[in-house]
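Presented below is the structure to which this report refers.
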Amino acid sequence: MALPKRIIKETERLLAEPVPGISAVPHEDNLRYFDVEIHGPSQSPYEGEVHFAVRYRWRGIFKLELFLPDDYPMTPPKIRFLTKIFHPNVDKLGRICLDVLKNNWSPALQIRTILLSIQALLGAPNPDDPLAPDVAKSWKENEQAAIATAREWTQKHAVPN
Amino acid sequence: MPPLNAPEEGVPAAGLASWQQDNSSTSYASYAPNMLSELPELGPLPETPTSSPPAPGPLLSPPASFMRTTRPRRFSNISISSVAATVGSETQSACVGSTRDLTGRSPVLLINYQELQYESEVDKSLECPICRTPFHAPITTKPCGHTFCSECLLRAHQLRPVCPIDRRPLDVERDFCKARVIHDQLDRLRVKCPSQGCGHVCARELLAVHYERYCEYTPVLCPDNSCDLWIARQDAAPDKGCLHKYTPCQYCSKQVMKAGLEEHYDRECSGNTVKCAQCDSSVVQHRMENHVANDCPSTVVLCKWNKYGCGKSAPRHDVQAHEKKPCIYQAIGRLAQDREDDRLIISELKVRLSAAEGRLRVAEQEKTERRERKRRQAGNTNNTMPPFVPDLNLSNSPRAAASYNNGTLDSPEDYMLAQFERMETQMEDLRKNIHELDGLHSMRLLNDTMRLNEQIAELGSKVGVIGMHTTWLMNVQRQSRGQQRAGGVVGSPLSSLASSSGGPGTTNSATGSVTNAARNAPDNEGGRYYNSSLPLRRNSDGRGENPPRL
Ligand SMILES: [Zn+2]
Ligand SMILES: [Zn+2]
Ligand SMILES: [Zn+2]
Ligand SMILES: [Zn+2]
Ligand SMILES: [Zn+2]
Ligand SMILES: [Zn+2]
Ligand SMILES: [Zn+2]
């Protein structure tokens, strides 16, 4: 089936004017499937440790996969974390609990707005609406420890060596 | 008498007509049935094509666009299946039109407005926030004033009854209204005909007419009744039979569907390409003529505004750059083109109106005839209640008879009345549309001519000033000549004038003497003393300065 104009336009814009800290690149053989990378927002446990000794500031880079179903934009894109992450709203399989990806989806939203929402979710975890109950529980009981764990996981899984 | 329900020649079928039929904000509900019948098929991942091409054996799959054309369901707001579903119900079949059983004409693949290609970039403000293409049949939400294509908004609304932008709850009956303001702009967007192989470009409002009535490349149902694929109208002659059979390509000997040969040549044929003598690109032999005429960057062509005065003629490549610059005739050309489009759109609407009027007249006639007959019958049976006698005349109208026999309506009279009412509203609508278009048109004309008028007035006044200057200069010259002839007096009226205004370097070469004023002029460049017999004024003298009164 031909790719709808809207997807072509969105892709063109994503590539031409990328959102800072976010990249989304479509697969050549399936233009509905995107490889996504989101930088952990600064001041968050997902930022990743900063090595001043090295030439680069290493940042937590989280890989995600995004798929646009056939009736996109009437249904939301399907999106999932590939990088392991310790976050109350992301479960073991990488699925994300975000209202705009479910009930609050609107066909006027776009890939870029969704990715921005996910980045924002990293900066503001919401343990009251959890998808991973155990993570949420530890988050509520001992936030400092949970944040330390999140930092550790980020360093281990999301910071390129 | 023609069947009343069948769209007449003047009435284009699909989307357009149905768009114009309903005017009140409440009648959007009439879109919904179409949507409803569409939705089950738009459900999650419709992976299998609705009608698969005849199994070509172990051969190749048909070319991509071929696959597309086998899926009527993806097209526009009315699909063939929904037509079939609604043929029985009088209310919908009226707007739908182009089916084989109603008109005898073969149905065409409906236009998908979201896939249209526009001649030039379309303003972002005319883009639907859902499909990101220029609005088609736009609806504005009353409470929040957001605009969407009717198809997009209704689909979104089916899923969640809120505004897609601000999530305000919306009610189809109450909160939707047609976005009339931008119609004029949208109608005039220049768009390419979606039929493969057709290069026709026209105003979008006129596209449906071209596509449904005139275009030779419009996909129509295969004349072979056992085949449900689409084929270009020009290849659909019944005597040609079904062209959906595989033959080897004459160039690359790949197996290709006969009907898809052209596309194969365009897209993938690798065999027997030749070098274009002009531009050095390789082109399929079969397409060379077309390439030279329409694509080759080296062919010498005229600027596209040549009709309006541009004389540019150069290789296509240069002309395209020239047109982009843009060509100075573009403004006037666009104006003229708009005017032309308006004219065509208005005449198209007039045709539709007169067709509707004709049908109305016929219906009215029938109504009075029937009344007359009833009265006569009543008179004949002398006060006894007349038994109901079905009107024989109505059997001339197959549709009426059919729907009566099918039991969809109580009697042929009811049918006639329903038809009559429908036509009345339709005509009212058309009248309104023409009125509106007229208004818009004259507004635009006024706006455009006003600007031109202003410019002409300005030019006129400038010419007047130049005229005065000329008269003045000639007078001066005449005077000085007269004086020379009289006695060669050095001080001309000009010199005294010049010294009093403190400015212009002037010289009177006839006597060879330079006036005092000139010698004392503030920036006295030697080169400025011309040997002409005309007195000179410098540009810097100030445009605002009035010429001396004579
Ligand atoms: Zn739209
Ligand atoms: Zn709104
Ligand atoms: Zn055409
Ligand atoms: Zn066929
Ligand atoms: Zn070939
Ligand atoms: Zn060439
Ligand atoms: Zn030109």
Side-chain angles (χ1 to χ4, degrees), chain A residues 1-19 24 26-34 65-80 95 97-117 120-121 129, chain B residues 35 38-50 64-71 73-75 112-118 121-122 124 127-134 136 141 144 146-149 151-168 170 194:
Chain A
M1 187 179 60
L3 208 61
K5 273 252 164 70
R6 157 155 178 170
I7 297 185
I8 298 172
K9 282 193 177 169
E10 275 200 63
T11 310
E12 277 172 0
R13 185 147 173 248
L14 274 172
L15 297 177
E17 315 161 29
V19 196
H27 276 208
E28 246 167 56
D29 53 343
N30 183 357
L31 295 172
R32 287 175 174 272
Y33 191 89
F34 290 73
E65 61 178 0
L66 182 149
F67 180 72
L68 302 176
D70 266 7
D71 43 359
Y72 176 82
M74 290 302 154
T75 54
K78 299 193 185 322
I79 185 158
R80 182 173 88 90
R95 291 176 300 189
C97 177
L98 189 61
D99 62 337
V100 287
L101 282 175
K102 306 225 161 75
N103 302 328
N104 258 339
W105 168 254
S106 150
L109 292 172
Q110 303 179 50
I111 299 174
R112 59 198 300 132
T113 44
I114 286 301
L115 294 182
L116 275 169
S117 314
L121 188 70
D129 183 18
Chain B
M35 302 309 304
E38 270 257 292
L39 267 172
E41 318 201 14
L42 294 168
L45 310 172
E47 232 134 48
T48 45
T50 50
S65 84
F66 230 75
M67 292 298 287
R68 211 183 321 131
T69 55
T70 63
R71 294 169 169 238
R73 271 140 224 236
R74 301 303 304 177
F75 277 75
N112 182 349
Y113 278 87
Q114 292 176 6
E115 293 298 320
L116 289 181
Q117 292 227 335
Y118 292 82
E121 189 97 339
V122 178
K124 282 266 182 293
E127 248 177 36
C128 167
I130 295 181
C131 62
R132 309 264 156 196
T133 58
H136 174 231
T141 58
C144 49
H146 292 121
T147 305
F148 311 88
C149 310
E151 193 191 346
C152 297
L153 181 57
L154 285 164
R155 281 188 66 187
H157 195 269
Q158 293 264 330
L159 298 170
R160 277 192 83 201
V162 297
C163 171
I165 291 184
D166 52 19
R167 301 203 170 87
R168 192 191 288 254
L170 292 177

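All chains are named by letter (A, B, ...) in the order of the sequence lines, taking the proteins before the strands, and each is independently numbered beginning at 1. Since this is a predicted model, take the numbers as computed values, not measurements.
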Is it true that, when you exclude A/Asn30 itself, more than 12 heavy atoms of the residues, nucleotides or ligands shown sit nearer than 6.0 Å to its CG? yes
A/Tyr72 side chain reached by A/Glu10 side chain, heavy atoms, under 4.5 Å: yes
Proximity breakdown for A/Leu109 and chain B, heavy-atom pairs closer than 4.5 Å: side chain
Segment of A/Asn104 engaging chain B (4.5 angstrom heavy-atom cut-off): both
Using the side chain to side chain contact (heavy atoms under 4.5 Å, CB included) rule, pick out the option among B/Pro129, B/Pro134, B/Cys131 that qualifies with B/Cys149. B/Cys131
Below 30° counts as parallel, above 60° as perpendicular, anything between as tilted: where do the rings of A/His27 and A/Tyr33 land? perpendicular
Kindly indicate, with the supporting measurements, whether the criterion side chain to side chain contact (heavy atoms under 4.5 Å, CB included) is fulfilled by B/His146 and B/Arg168. CA-CA 11 Å; B/His146 292 121; B/Arg168 192 191 288 254; over 6 Å; no
Determine whether more than 12 heavy atoms belonging to other residues, nucleotides or ligands lie under 6.0 Å from atom NZ of A/Lys102. yes
Which atoms of A/Gln110 approach chain B - backbone, side chain, both or neither, heavy atom under 4.5 Å: side chain
What part of A/Lys9 lies closer than 4.5 angstrom to a heavy atom of chain B: side chain, backbone, both or neither? side chain
With only heavy atoms counted, which part of B/Leu153 is less than 4.5 Å from chain A, the side chain, the backbone, both or neither? neither
Please flag which part of A/Pro107 lies under 4.5 Å from any non-hydrogen atom of chain B: side chain, backbone, both or neither. both
Portion of B/Glu115 that has a non-hydrogen atom of chain A nearer than 4.5 angstrom: both
